[in-house]
Amino acid sequence: MNEPYKSFSAPSPIVGSISARAAANASPHRYLQGLNPEQLEAVEALDGPVLVLAGAGTGKTRVLTTRIAHIIATKRARNQEILSVTFTNKASREMKHRIALYIGEMAEGMQWLGTFHSISTKLLRRHAELVGLKSDFTILDTDDQIRLMKQVIRAENIDEKRWPARQLAFLIDGWKNRGLSPDKVPAAEATGYAGGRGGALYRLYQNRLKTLNACDFGDLLMECIRLFQEHPDVLKSYQDRFKYILVDEYQDTNVAQYLWLRLLAQGRRNVCCVGDDDQSIYGWRGADVDNILRFEHDFPGAKVVKLERNYRSTGHILASAAHIIKNNEGRLGKTLFTDGNMGEQVSVSGCWDSEEEARLVADEIEVLQHKKHQLNEIAILVRASFQMREFEERFVTTGIPYRVIGGPRFYERLEIRDALAYFRCVCQPADDLAFERIVNTPKRGLGDATLSVIHTYARANGIPMIQAVRFIVETEELKPKPRTTLKDLIGCFDRWAAQLGKISHTELCETILEESGYIAMWKADRSADAAGRLENLKELIRSMQDFENLQGFLEHISLVMETASGETEDRVTIMTLHGAKGLEFETVFLPGWEEGLFPHPRALDEQGRAGLEEERRLAYVGLTRAKRKANLFFASNRRIHGMWNATIPSRFIDELPEANVLVNEGAGSNFGGYNQRGGNSRFDTVQPFGNSSYNTPGWQRGQQNSSQVNSSPKPAKHSVMIEGEVLANSSTGTSRFDMGARIFHTKFGYGLVAVIDGNKLTVDFEKAGRKMVLESFLQNA
DNA sequence: GGGGGTAAGTTTTTT
DNA sequence: ACTTACCCCC
């Protein structure tokens with residue numbers, strides 16, 4: 001029964017060979033074979049808007065890839081005229097791989113296959129100047145974002161403790177997800193932060209980004225939208241170019257992505273979106289299921305195809321998943337069915353605590369192992385990552401091989417970010433954030449004091465910090481020690497920059513890490529993870545070889561950087577439910593189905609009913625990952641934040657259909673009373689933990705903060721900047737000060753101007769003697 | 001400027 | 001309970 005799906009997931013090995021393509025030419029629509037009627041309908045409806053509502057395991061990716069093959073085979077568009085958008089890099093790689101099975105290396109010509117962000121980046125780099133950027137703009141990650149916002153908050157004299165940068169980041173992110181630029185943010189929403197200054201801070205933050213020639217992730221989409229809106233000719237050219245548009249995981253798109261898509265699709269209107277409202281689990285980060293409804297509204301007459309025939313799971317599993325998801329309101333309403341057999345019932349086991357839970361799972365896996373069950377086909381899907389540890393511990397003691405998916409990603413690691421910051425300083429000398437990051441790493445004795453001098457001068461003159469340093473080290477603003485250190489550092493940057501293009505970029509980067517003392521720093525570090533960090537740095541250098549040059553590497557690194565793991569060993573997978581979307585396993589273990597964990601109280605607190613429904617979809621996703629067997633667990637006691645909590649089974653367990661479930665009562669030792677399921681279960685009335693309050697402490701306190709303080713020093717005079725180089729810093733221009741004028745310097749006190757050399761003045765100070773200082777540090781006395 | 005102590009905040013995750 | 005971030009003292 002599973003043949004169509006099976007034959008697809010195990011494609012013929014000759015695909016891609018010359019003979020295969022010749023054969024394909026002989027019968028051009030061969031790839032359509034094995035599609036069911038609905039899939040075929042979705043593939044063949046090439047003209048006009050199409051919305052494919054594809055339930056879990058109904059072959060949605062197959063429809064997308066076949067559709068692309070069909071478009072190319074029928075010569076309606078060439079591969080570079082097809083825009084194919086996914087949500088994650090993983091999904092886009094997967095799609096490219098699958099397309100290659102149909103059209104061979106032609107898939108390499110699919111230059112517009114990628115994530116929303118990667119395609120936006122490509123577009124923005126082409127037209128950067130139209131939105132006030134340069135084409136080599138930097139893409140900031142979350143960490144950089146927060147640091148930048150902290151600077152903005154500080155510069156506005158806002159109490160950082162009361163108004164954490166994280167919160168501002170959350171706000172701004174939300175606005176960007178909805179495609180709201182600073183001037184479009186509804187007034188009411190901008191008042192909730194720092195006494196009504198949220199909107200202003202957003203604007204300041206955006207200004208800072210532009211100065212830094214940088215974009216955050218949200219900007220990639222927003223600036224692209226702005227590009228399209230403000231330059232209809234540009235938009236038109238892409239509307240013309242993209243004859244067909246395809247979107248995967250459509251239920252995960254946010255409003256900005258929707259706007260982006262709508263602008264491009266409204267040209268030829270050949271747009272096909274594939275999604276499943278029941279698998280929308282990213283609402284908390286801005287995804288908006290209503291985009292599915294908007295689609296039918298904005299593209300009237302759209303053909304809607306439902307895929308409901310499931311090729312993945314057994315009847316019992318499907319029935320259980322369907323029964324749970326039926327409790328959600330506001331579904332578009334699909335009912336999955338299968339021609340396959342019912343298989344085994346979904347098992348539900350109660351146990352005493354999380355430790356026993358891990359033991360039961362491990363025991364069961366050992367049994368499966370003896371039955372020659374592939375470990376690669378077993379997954380443990382948890383709600384929250386803290387649950388993973390207990391399983392790991394158990395698997396280590398029992399010797400079950402496992403892999404953990406998730407956790408900190410490669411490019412988020414400290415050492416990788418530091419290394420990248422060095423490379424950025426060399427390639428993009430205007431990158432202040434990168435400079436600040438590594439200026440004192442390894443420790444060079446350049447602390448807050450030094451940094452703030454640089455910062456002040458850079459800000460006052462509107463120049464990058466590295467540039468500011470060049471001026472400052474020529475004077476006596478700084479003590480000799482930091483001055484020499486900075487001079488040396490700048491010398492290093494210059495030396496490395498001079499080698500760009502002269503020696504291979506991998507070699508150069510090795511040199512940089514070596515000469516900067518960064519490698520030495522970790523070698524000297526005798527903590528446990530130092531060796532691993534050095535290993536990661538080597539891995540970083542290795543991964544650079546795939547790129548033409550350092551510039552190209554840096555342009556892509558922030559968007560796509562995966563831990564190269566060519567893992568093929570047979571291991572059990574431990575991952576979160578979120579991480580499991582789109583995957584399938586023969587056997588799935590779903591531990592921790594308890595109130596207080598799943599549904600997660602935070603989701604209920606913050607999103608109320610919508611939150612509960614999203615958690616329920618998560619349950620649905622979890623169950624439908626299983627092909628043959630799903631095993632649910634709940635514990636009576638679980639340690640959360642270090643404290644033991646008595647827990648009761650999740651309400652989702654009560655929502656399972658009795659007929660498809662086997663309750664494993666003998667499993668747990670002394671679990672009390674999970675017998676009375678169905679009917680008036682005592683669990684029905686139990687409220688989840690913690691009705692934690694929406695705490696926005698401080699409308700009033702915020703008001704106090706809003707007293708206008710003009711903090712940032714007035715620019716003495718703006719340097720003329722072109723391409724990041726200071727062209728005229730007035731060595732010929734006139735100074736604000738006259739010879740002999742009495743001035744004040746915050747560090748050296750009062751003095752008389754003795755020599756004026758552009759922006760560098762020599763002053764005879766009353767206390768400190770003759771010093772060379774920068775004009776912008778001086779005031780009239 | 002650096003190191004050690006304390007306090008706070010701990011769902012999910014991509015780009 | 002545990003980590004990380006910040007503050008204060010040396």
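We name chains A, B, ... by the order of the sequence lines, and we start the count at 1 in each one.
Across the protein-nucleic acid pair, A/Phe598 atom CZ and B/dT12 atom C1' stand 11 Å apart, rounded to whole Å. Atom NZ of A/Lys479 and atom C1' of B/dG1 are 11 Å apart (whole Å).
Taking 4.0 angstrom as the limit, A/Thr576 places a side-chain polar atom (N or O) nearer than this to OP1 or OP2 of B/dT13.
Take the nearest nucleotide of DNA chain B for A/Ile405 and for A/Leu451: the residue whose nucleotide is more 5' is A/Leu451. Projected onto DNA chain B by closest heavy-atom contact, A/Met575 and A/Ala449 fall at different nucleotides, the more 5' of which corresponds to A/Ala449.
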Polar pairs (N or O, both sides) under 3.5 Å between protein and nucleotides 6-10 of chain C?
from	atom 1	to	atom 2	distance (Å)
C/dC6	OP1	A/Lys150	NZ	3.2
C/dC7	OP1	A/Lys161	NZ	2.4

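With hydrogens and angles left out, the side-chain atoms of A/Asn637 and A/Asn645 include no donor and acceptor closer than 3.5 Å. A/Asn327 and A/Glu655 are linked by a side-chain donor-acceptor pair at a separation below 3.5 angstrom, with hydrogens and angles left out of the test.
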task = Go along nucleotides 2-11 of chain B 5' to 3' and tag each nucleotide: B for a protein heavy atom under 4.0 Å from its base, S when only backbone or sugar atoms are that close, - otherwise.
result = SS------SB

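Using a 4.0 Å cut-off between a side-chain N of Lys or Arg and a carboxylate O of Asp or Glu, A/Arg437 and A/Asp418 qualify as a salt bridge. The pair A/Lys176-A/Asp173 fails the salt-bridge criterion, with no side-chain N (NZ, NE, NH1 or NH2) lying under 4.0 Å from an Asp/Glu carboxylate O. Salt-bridge check for A/Lys210 with A/Glu223: passed, with a basic side-chain N closer than 4.0 Å to an acidic carboxylate O.
In this pair, A/His578 and A/Tyr282 present their aromatic rings tilted. The plane angle is within the 30 to 60° band. Taking the six-membered ring where tryptophan is involved, the planes of A/Phe228 and A/Trp260 are tilted, since the angle between them lies from 30° to 60°.
When heavy atoms are screened at a 4.0 angstrom cut-off, A/Phe116 is found touching no nucleic acid atom at all.
Here A/Ile146 pairs with A/Ala165, A/Arg166, A/Ala169 under the side-chain contact (heavy atoms from CB on, under 4.5 Å) rule; sequence neighbours left out.
Spacing between C/dC2 and B/dT13 at atom P, rounded to whole Å, works out to 22 Å.
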